[in-house]
2 protein chains.
Amino acid sequence: MSSENPTTRIRILDAAWKLLESGAARGVRMSDIAKAAGISRQALYLHFPSRAELLVATTRHVDAVKDVDARLAESRSATGPARLDAFVAAWGGYIPEIHGVIRALAAMMETDAEARAAYDDRMAAVRHGCVAAVAALTAEGCLTPHLSADEAADLLWTLLSVETWARLTQDCGWTQAQYVAAMQRTARAALMRQEI
Amino acid sequence: MSSENPTTRIRILDAAWKLLESGAARGVRMSDIAKAAGISRQALYLHFPSRAELLVATTRHVDAVKDVDARLAESRSATGPARLDAFVAAWGGYIPEIHGVIRALAAMMETDAEARAAYDDRMAAVRHGCVAAVAALTAEGCLTPHLSADEAADLLWTLLSVETWARLTQDCGWTQAQYVAAMQRTARAALMRQEI
DNA sequence: TCGTGACTTTACACCGTGTAAAGTTGACAT
DNA sequence: ATGTCAACTTTACACGGTGTAAAGTCACGA
């Protein structure tokens, strides 16, 4: 299932990625992906047992190619307000690379339990970053007294959701720069103690 | 199609509403709704031409029963910061009543153009409320200098999205009161000029 | 040369949506 | 009482998408 010719597997993942990212208003079907990868629809099932697992593998593939870990690690070196800004910029800047795949996964959630689990898993990873960023604020005494650390992490996580990004950049037509700047300001305003 | 026995139509809408709202992790099917309404699956199509239109009618039905207009109108009477708080409380308090239906509609968007249009239409209605709330802030000179009126409306609209509500209350386990309080604070912090 | 792995082709089961059409039932009008 | 009409049921089926199954092709290497 995953021990076969790796180049085909990667061709499939790249094809799925490309299709899911570039427009593709209509739901991307297995046959679309197969065609784009230059193989038969059935051959897809030689590499991935289901559409849900193909989507999950695609997100992991994108993560690997785009090296999300390195990007986020970078944001961890800053301190105080700058650290929050850096985290927002790092994750917010990554969303455009994966939103197509994530949205496809989210659309399956309603009916497919496996897709739901995979989506939750991915989102949990982001939440850990939020928790860490909030912990840094707390340590420096910058956290607003109105929120507990958990609440602050939840709020930041929500602010940085793919849905929020999609609404502002896709539906409202904001540029990526506008989005990042607004999220940085909003996160600071919502999470940090406002000293004159 | 809509001139028949109105009680059956309403039974259908109530059944759909109830199913969509109460848990129902699995996608709610036409046959589920028919069963719950006590009629055959085919009879559903005597009242609604498609699943998408049934969902749309269900949102309108909920709006009518819960009198969303009256609730929102109330928030328009306040002024300044209180008006923003009132709008957030009014709409934020309404979301729990409709989130099931809206989410079902959102899930169809990916594949069904009609569902997409219906969803966009509903969301546009909310946006108008946001524009009005921001206009009130602008008129009173409370709007932050960091945002244009359009940007502020977009941001408020995003803050008040069903997705944001769902993430905080469903995924993070916040109470409705926690949600409303946090959104009021965040909206104020993000949209209003911060005078000492 | 034999086998094996990667893939194709064909066929089909399953689900959910939507269409089509014939049959049932009860209310109401004449 | 008879007829008709609307609301609904029942049965059947087409369509599209996912996933399973199995036989066939083909190239590469031991």
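Letters A, B, ... are given to chains in the order of the sequence lines, protein chains preceding strands, and every chain is numbered from 1.
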**Study point:** Under-4.0 Å salt bridge between A/Arg167 and B/Glu163
**Key:** yes

**Study point:** Between D/dT20 (P) and A/Leu46 (CG): distance, integer Å
**Key:** 11 Å

Check your understanding: Whole Å only: how far is the NZ atom of A/Lys35 from the P atom of C/dT8?
Key -> 14 Å

Exercise for review: Run the salt-bridge test on A/Asp63 and A/Arg122 with the 4.0 Å N-O cut-off and return the result as yes or no.
Suggested key: yes

**Study point:** Atom-pair distance (CD1 on A/Ile12; P on C/dA6), nearest Å
**Key:** 12 Å

Review point. Is B/His47 near enough to D/dC8 that one of its side-chain N or O atoms lies under 4.0 angstrom from OP1 or OP2?
Key: yes

Review point. Rounded to the nearest Å, what distance is computed from the OH atom of residue A/Tyr45 to the P atom of nucleotide C/dG5?
Key: 23 Å

Review point. Has B/Gln176 got more than 12 heavy atoms of other residues, nucleotides or ligands less than 6.0 Å from its CD?
Key: yes

Check your understanding: Do the charged groups of A/Asp32 and A/Lys35 touch, with an N to O distance under 4.0 Å?
Key -> no

Study note, to complete from the structure: If each end axis of the helix from C/dT1-D/dA30 to C/dT30-D/dA1 is fitted on five C1' pair positions, the angle between them, to 10 degrees, is 20°

Review point. Any Lys/Arg nitrogen of B/Asp121 or B/Arg60 sitting under 4.0 Å from an Asp/Glu carboxylate oxygen of the other?
Key: yes

Check your understanding: C/dC14 P sits how many Å from A/Asp112 CG, rounded?
Key -> 19 Å

Point to revise | Atom-to-atom span, CZ of B/Arg11 to C1' of D/dC8 - whole angstrom | key: 11 Å

Set out, line by line, the N/O atom pairs under 3.5 Å between protein and nucleotides 24-26 of chain C.
none

Review point. Under 4.0 Å between a side-chain N/O of A/Thr8 and OP1 or OP2 of C/dC7, yes or no?
Key: yes

Check your understanding: Are a donor atom and an acceptor atom from the side chains of A/Ser161 and A/Thr164 found within less than 3.5 Å of each other?
Key -> yes

Check your understanding: Is there a chain of hydrophobic side chains (I, L, V, M, F, W, Y, each step under 4.5 Å between heavy atoms) that links B/Val131 to B/Met123?
Key -> no

Point to revise | NZ/NE/NH1/NH2 to OD/OE distance under 4.0 Å, B/Arg71 and B/Glu97 | key: yes

Exercise for review: State whether B/Arg116 and B/Asp112 are salt-bridged, where the test is any N-O pair (Lys NZ or Arg NE/NH1/NH2 against Asp/Glu carboxylate O) under 4.0 Å.
Suggested key: no

Review point. Are the side chain of A/Arg11 and the backbone of A/Ala37 linked by a donor-acceptor contact shorter than 3.5 Å?
Key: yes

**Study point:** Side-chain heavy atoms of B/Thr144 within contact of B/Leu147, under 4.5 Å
**Key:** yes

Point to revise | Whole angstrom value for the distance that separates P of C/dG16 from CE of B/Met108 | key: 14 Å

Quick one: which protein N/O atoms are closer than 3.5 Å to N/O atoms of nucleotides 12-17 of chain D? Pair and distance per line, please.
{"residue": "D/dG17", "atom": "OP1", "partner": "A/Arg29", "partner atom": "NH1", "Å": "2.8"}
{"residue": "D/dG17", "atom": "OP2", "partner": "A/Arg29", "partner atom": "NH1", "Å": "3.1"}

